[in-house]
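I have placed the structure first, in the form of structure tokens, so that the comments after it can refer back to it.
Excluded from the calculations below are hydrogen atoms, water molecules and symmetry mates; all remaining heavy atoms, backbone and side chain alike, are included.
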Amino acid sequence: MHDSVILFLSYFSSDINDMEVENDTQISEFLLLGFSEEPELQPFLFGLFLSMYLVTLLGNLLIILAVSSNSHLHKPMYFFLSNLSFVDICFTSTIIPKMLVNIQTQRKAITYESCIMQVYFFILFIGLDNFLLTVMAYDRFVAICHPLHYMVIMNPRFCGLLVLVSWIMSTLHSLLENLMMLQLSFCKEVEIPHFFCELNKMIQLACSDTFLNNLVMYFATVLLVGAPLTGILCSYSKIVSSILKISSAEGKYKAFSTCASHLSVVSLFYCTGLGVYLSSAAPQSSHSSAVASVMYTVVTPMLNPFIYSLRNKDIKGTLTVFFKRKP
């Protein structure tokens, strides 16, 4: 009997040791493969993305500066625009600096903790972009379809509440996705065929069961992307209907010009996102998916300030006055 107990405890102890060894195989870092391993391309890629990042920072900072420095721009549309510019700065800063460091040092590694944080902030800020564009579409709908009640409906308290709800929903979604990802195991050195830690790629590389992760990810995508996109389409369908009822051509042009910039940004955002989805669904798509991701992670935040400033006389005028001001 005594020998049997010892044998059982020895067997149980060996199982625990095996489990500890298995748990110890949890990796401490990932390898971001990026775009190309050719050494001669690295200086070009570094210069290209550094310049795009600096242009993104400068352009969005100028939008925030213009809105904050001119009291005539303290309106709902520009309030949402300055928030969008802030989010775009944070969005690109989540990804590009680490990519630039990896290119410069020729080291592709990113720690497990840094990867988790990158996924968290990426989901947070891409979600905020999505919600803010929806809020801005609603703002244009109220301005064009209910102009007499615009300032009553879009009062400062309501505008602040819309932005706050956007932050809360994006934060909860990002937190949920990260808590789900923390349950995954990566049992070997993992190479991520991307230039940043992207949720879908991480789930695909896990060696544990990912059914629940995929379920949550797809459900959240349908709910948190489909619903805002539906709201944008509904807003613009009513906007177009109202514009068509305007008798004069000049009135129609003026009404359409107030939402042309936003419509351009929305089209760019969702079209590039759709391009990434289609490229990731195609076979042997690792490189094409990474290239397509550049469009909405780097190019779109860089172009947004130009789209708004070049088509907006108020912002152009504010920036002109600001730079002509003598010290």
Legend entry - Same cluster (ILVMFWY, side-chain, under 4.5 Å), Leu212 and Leu176: yes
Legend entry - Spatial distance of atom CZ (Phe131) from atom NE2 (His173) [nearest 0.5 Å]: 8.5 Å
Inset, instruction - Kindly say whether Ile144 contributes a backbone atom to a donor-acceptor pair with the side chain of Ser242 at under 3.5 angstrom? - result: no
Legend entry - Nearest-0.5 Å distance, OG1 of residue Thr297 to CG of residue Asp88: 11.0 Å
Inset, instruction - Would you mind telling me which of Ile64, Asn60, Leu58 makes a side-chain contact (heavy atoms from CB on, under 4.5 Å) with Leu62? - result: Leu58
Inset, instruction - Check whether any side-chain N or O of Asn155 sits under 3.5 Å from a backbone N or O of Val152 as a donor-acceptor pair, and report yes or no. - result: yes
Inset, instruction - Please answer whether the main-chain N or O of Lys238 pairs with a side-chain N or O of Ser241 as donor and acceptor at a distance below 3.5 Å. - result: no
Inset, instruction - Would you kindly say whether Tyr53 and Ser93 are connected by a side-chain donor-acceptor distance under 3.5 Å? - result: yes
Inset, instruction - Tell me whether the centres of the aromatic rings in Phe91 and Phe121 are closer together than 6.0 Å. - result: no
Legend entry - Nearest-0.5 Å distance that lies between atom CE in Met136 and atom SG in Cys259: 11.5 Å
Legend entry - Polar contact flag, side-chain donor to acceptor under 3.5 angstrom, Tyr296-Asp129: no
Legend entry - Donor-acceptor contact below 3.5 Å, side chain Ser208 vs main chain Ser185: yes
Legend entry - Closest non-hydrogen atom pair between Pro76 and Cys159, with its separation: CB-SG, 3.7 Å
Legend entry - Sidechain N-carboxylate O distance under 4.0 Å for Lys201, Glu191: no
Legend entry - Polar side-chain atom of Asn178 near backbone of Ser174 as donor-acceptor pair, under 3.5 Å: yes
Inset, instruction - Can you measure from CG (Leu263) to CG (Leu268) and round to the nearest 0.5 angstrom? - result: 11.5 Å
Inset, instruction - For the residue pair Met202 and Cys115, establish whether any side-chain heavy-atom pair is separated by less than 4.5 Å. - result: yes
Legend entry - ILVMFWY network linking Met169 to Phe80, side-chain heavy atoms under 4.5 angstrom: no
Legend entry - Side chain proximity check, Ile246 to Tyr253, heavy atoms < 4.5 angstrom: no
Legend entry - Transitive ILVMFWY side-chain link Val87 to Val165, under 4.5 Å: no
Inset, instruction - For residues Leu199 and Ile123, determine if any side-chain heavy atom of one lies less than 4.5 Å from a side-chain heavy atom of the other. - result: yes
Legend entry - Other residues, nucleotides, ligands: >12 heavy atoms within 6.0 Å of Gln106 CD: yes
Inset, instruction - Using the rule that two of Ile, Leu, Val, Met, Phe, Trp, Tyr join whenever any of their side-chain heavy atoms come within less than 4.5 Å, decide whether Leu172 and Leu164 are in one cluster. - result: yes
Legend entry - Under 3.5 Å: donor-acceptor pair, side chain of His262, backbone of Arg140: no
Legend entry - Atom pair CG (Leu45) and CG (Leu50), whose distance is rounded to the nearest 0.5 Å: 12.0 Å
Legend entry - Centroid-centroid under 6.0 Å between Phe141 and Tyr236 rings: no
Inset, instruction - Would you indicate whether the side-chain heavy atoms of Leu81 and Leu132 approach each other to under 4.5 Å? - result: no
Inset, instruction - Apply side chain to side chain contact (heavy atoms under 4.5 Å, CB included) to Glu198 and Val119, showing your working. - result: CA-CA 6 Å; Glu198 198 262 339; Val119 170; over 6 Å; no
Legend entry - Test side chain to side chain contact (heavy atoms under 4.5 Å, CB included) applied to Phe30 and Phe186, step by step: CA-CA 10 Å; Phe30 298 95; Phe186 302 90; 4.0 Å; yes
Legend entry - Heavy-atom check, side chain of Val135 versus side chain of Val163, under 4.5 Å: no
Inset, instruction - Taking all non-hydrogen atoms of both residues into account, name the closest pair between Thr56 and Val298 and its distance. - result: OG1-O, 4.0 Å
Inset, instruction - Give a yes or no answer on whether the side chain of Thr210 reaches the backbone of Ala206 with a donor-acceptor pair at less than 3.5 Å. - result: no
Inset, instruction - Might you confirm whether atom CZ of Phe86 has over 12 heavy atoms from other residues, nucleotides or ligands at distances under 6.0 Å? - result: no
Legend entry - Audit row: Phe256, Ile239, side chain to side chain contact (heavy atoms under 4.5 Å, CB included) steps and yes/no: CA-CA 9 Å; Phe256 179 76; Ile239 288 173; over 6 Å; no
Legend entry - Under 3.5 Å donor-acceptor, Glu29 side chain and Ile110 backbone: no
Legend entry - Joint cluster assignment, Tyr218 & Leu215, ILVMFWY side-chain distance < 4.5 Å: no
Inset, instruction - Examine the side chains of Asn70 and Tyr78 and answer whether a donor and an acceptor come within less than 3.5 Å of each other. - result: no
Inset, instruction - List the atom of Ala255, the atom of Ile243, and the distance in Å for their closest heavy-atom pair. - result: CB-CG1, 4.0 Å
Inset, instruction - Hey, can you tell me if Phe122 and Phe196 have their rings parallel, tilted or perpendicular (30° and 60° cut-offs)? - result: tilted
Legend entry - Heavy-atom check, side chain of Phe195 versus side chain of Leu33, under 4.5 Å: no
Legend entry - Val216 versus Met180, closest heavy-atom pair with distance: CG2-CE, 4.0 Å
Inset, instruction - Kindly say whether Leu224 contributes a backbone atom to a donor-acceptor pair with the side chain of Asn130 at under 3.5 angstrom? - result: yes
Inset, instruction - Given side chain to side chain contact (heavy atoms under 4.5 Å, CB included), test Ile203 with Asn214 step by step and report yes or no. - result: CA-CA 8 Å; Ile203 292 176; Asn214 284 311; 3.5 Å; yes
Inset, instruction - Please state whether the rings of Trp167 and Phe125 are parallel, tilted or perpendicular, taking 30° and 60° as the class boundaries. - result: perpendicular
Legend entry - Asn213 and Met217, any side-chain heavy atoms less than 4.5 Å apart: no
Inset, instruction - Side-chain contact test, heavy atoms from C-beta onward, threshold under 4.5 Å: evaluate it for Ile116 versus Tyr120 and give yes or no. - result: no
Legend entry - Minimum heavy-atom distance between Met295 and Thr272, given as atom pair plus value: CB-CG2, 3.6 Å
Legend entry - Spatial distance of atom CG (Leu32) from atom NE2 (His194) [nearest 0.5 Å]: 10.0 Å
Inset, instruction - Check Met77 against Thr258 and note the closest heavy-atom contact, atom names and distance. - result: SD-O, 4.2 Å
